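Structure record follows, encoded as structure tokens.
Scope of the values below: all heavy atoms of this structure, side chains included, with no hydrogens, waters or symmetry mates. Lettering follows sequence order; numbering is per chain, from 1. Because the structure is a prediction, the values reported are computed rather than measured.
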Number of protein chains: 2
Amino acid sequence: MPLEIGAESLSLLKVGDIARRTGKTVRAIHLYEELGLLNPAVRSKGGFRMYRGDGVKRIEWIQKLQDMGFSLTEIKVFLRVWEESATAPKAMATVREIFTDKLRETRETIARLTRLADELSESLAFLEGCRSCDQGQHQRECGGCGRSDHEVPLLVDGIAKR
Amino acid sequence: MPLEIGAESLSLLKVGDIARRTGKTVRAIHLYEELGLLNPAVRSKGGFRMYRGDGVKRIEWIQKLQDMGFSLTEIKVFLRVWEESATAPKAMATVREIFTDKLRETRETIARLTRLADELSESLAFLEGCRSCDQGQHQRECGGCGRSDHEVPLLVDGIAKR
DNA sequence: TCAAACCCTTACGTTTACGTAAGAGTGATA
DNA sequence: TATCACTCTTACGTAAACGTAAGGGTTTGA
């Protein structure tokens, strides 16, 4: 008769194993548990958290949502909504809603960052002209060059003020 | 003989004025001063901070850099580098460097967010198929439908686990 | 059975960009 | 001169996502 404990521990991972496989720290995993994002499958009789392989998947999922800009608290809400949905289609509908919102938000962020990148490019183009500035001029006298005010981008203009 | 004080105060702004014109709070402006990002032009004899109009520009500049992802501390370094550059062209070279770095970083962020948006779209497309799921099925039984594992996006798969 | 390597809980620390409150003085106006 | 709105300094509070340390058990393998 084989040892049940041995057979069990073959497929169960300790928190440190999960940490290594996900790149997270043990502390982070503990935190996720405190927040209700991930529970160990069982505890060893000594109290060790024992996880199944899908614990790794759950953490990768959390990571991805974090990358998308969800806070851990939002992720928690996400899970609760899921768990409280009586039927699968209803649960999926909620998930679709959340994802749709986040997709819109992400696209807005992309648009905003694109505008900022454009501004940066403009500023850099403007700064090219500063190469030919009188080499001995002190930075405090910057602004004294011939370039008219309205062509100075805000990103550059703000520095020299004061 | 006109009152000098009157003439002065005509063009000087109190911290509350600056706050209103920039949408920042008084506390925030105080913080910027603590961090060395913005100093009042003078103090009234009673100790009130008095700013010139370019204070507003400086704050708008700070706001823009924050939008770009600079921390206040980074902005401070930015200003110090500028102030310590002996000549204008040298100062501008440093600014170009910082902006170039940030531009690259911003583009990387845009690329990352674009990939995430794509993943979201994929997941949403997948979830369309869940509309036709057996209406009575409980969410806990999700995954029992005929769809093969490898076509389930991580963003969806991670929810149902555990 | 012993030791090294892990794990447990509890709880305070860290960073960022302010929020908020207290107690007191200032400035412009009636 | 009396107000009332504003401002001053000082200093503790806040939210997020862990980091870190302390004191003490648990596993596991030699």
Side-chain angles (χ1 to χ4, degrees), chain A residues 3-51 55 58-59 61-78, chain B residues 3-51 55 58-59 61-78:
Chain A
L3 294 174
E4 291 225 331
I5 293 179
E8 226 177 60
S9 61
L10 271 182
S11 57
L12 288 179
L13 303 168
K14 286 186 288 188
V15 67
D17 301 324
I18 297 280
R20 261 185 300 280
R21 293 182 190 209
T22 59
K24 296 280 181 183
T25 63
V26 170
R27 174 65 176 112
I29 297 172
H30 285 171
L31 177 65
Y32 297 160
E33 185 175 342
E34 280 176 40
L35 295 178
L37 304 185
L38 169 66
N39 288 111
V42 296
R43 290 269 191 156
S44 76
K45 75 179 169 190
F48 283 24
R49 294 167 175 81
M50 305 303 284
Y51 301 85
R58 171 58 67 92
I59 288 185
W61 176 75
I62 292 172
Q63 179 63 58
K64 213 160 253 302
L65 289 183
Q66 279 188 299
D67 287 348
M68 289 169 40
F70 284 98
S71 70
L72 293 182
T73 304
E74 285 174 319
I75 297 176
K76 176 181 183 170
V77 171
F78 201 146
Chain B
L3 296 175
E4 291 225 329
I5 292 178
E8 226 176 59
S9 62
L10 272 182
S11 57
L12 288 179
L13 303 169
K14 287 187 288 187
V15 67
D17 301 324
I18 297 281
R20 263 185 299 279
R21 293 182 189 209
T22 59
K24 295 282 180 181
T25 64
V26 171
R27 174 65 177 110
I29 298 171
H30 285 170
L31 177 66
Y32 298 161
E33 185 174 340
E34 281 175 40
L35 295 179
L37 304 184
L38 169 66
N39 288 109
V42 295
R43 290 270 191 155
S44 76
K45 75 179 171 191
F48 283 25
R49 293 167 176 81
M50 305 303 283
Y51 301 85
R58 171 58 67 92
I59 288 186
W61 176 74
I62 292 172
Q63 180 62 60
K64 213 158 252 302
L65 289 184
Q66 278 188 298
D67 287 348
M68 289 170 39
F70 284 98
S71 71
L72 293 182
T73 304
E74 285 174 319
I75 296 176
K76 176 182 184 172
V77 171
F78 202 146

- Note on the structure: The nucleotide from C/dC18, D/dT9, D/dC18 with an atom nearest the side chain of B/Arg49 is D/dT9

- When you check the phosphate oxygens OP1 and OP2 of C/dA17, does a side-chain N or O of B/Tyr32 lie under 4.0 Å from one of them? no

- Among D/dC18, C/dC18, C/dC7, find the nucleotide with the atom closest to the side chain of B/Leu72. C/dC18

- Note on the structure: Whole-Å distance, A/Glu34 CD to C/dC8 P, equals 12 Å

- Message: Measuring to OP1 and OP2 of C/dT26, would you say a side-chain N or O of B/Arg43 lies under 4.0 angstrom away?
- Response: no

- Whole-Å gap separating P (D/dA17) and CD1 (A/Ile59): 15 Å

- Item | A/Arg27 and A/Glu34 ion-paired at < 4.0 Å | yes

- May I ask you to say whether B/Lys64 pairs ionically with B/Asp67, meaning some side-chain N is under 4.0 Å from a carboxylate O? no

- May I have the distance from A/Ile29 (atom CD1) to D/dA17 (atom P), rounded to whole angstrom? 16 Å

- Query: Between B/Leu65 and B/Glu74, is a side-chain contact (heavy atoms from CB on, under 4.5 Å) present by the stated rule, with each step listed?
  - Reply: CA-CA 9 Å; B/Leu65 289 184; B/Glu74 285 174 319; over 6 Å; no

- Can you tell me if the side-chain N/O atoms of A/His30 get under 4.0 Å from OP1 or OP2 in C/dC8? yes

- Message: Both A/Thr25 and A/Phe48 contact DNA chain D. Taking the nearest nucleotide for each, which residue is further toward the 5' end?
- Response: A/Thr25

- Note on the structure: Rounded to whole Å, CZ of B/Arg20 lies from P of D/dA5 at a distance of 13 Å

- Query: Considering only heavy atoms from C-beta outward, does the side chain of A/Arg58 approach that of A/Tyr51 to under 4.5 Å?
  - Reply: no

- Measure the distance from CE on A/Met50 to P on C/dC6 and round it to the nearest whole Å. 14 Å

- Would you say a side-chain N or O of B/Gln66 is under 4.0 Å from OP1 or OP2 of C/dC18? yes

- Item | Interatomic distance where NZ belongs to B/Lys45 and C1' belongs to C/dG25 [whole Å] | 14 Å

- Query: Which whole-number value in Å describes the distance from B/Leu13 CG to C/dG27 P?
  - Reply: 16 Å

- Taken to the nearest whole Å, CG/A/Leu35 to C1'/D/dA17 is 9 Å

- Parallel, tilted or perpendicular: which describes the rings of B/Phe70 and B/Phe78, with under 30° parallel and over 60° perpendicular? tilted

- Item | B/Thr73 or B/Ser44, whichever maps to the more 5' nucleotide of DNA chain C | B/Thr73

- Query: Does a nitrogen or oxygen in the side chain of B/Arg27 sit under 4.0 Å from OP1 or OP2 of D/dC12?
  - Reply: no

- Task: For the side chain of B/Leu31, starting at C-beta, report the closest nucleotide among C/dA17, C/dC8, D/dC18.
- Result: C/dA17

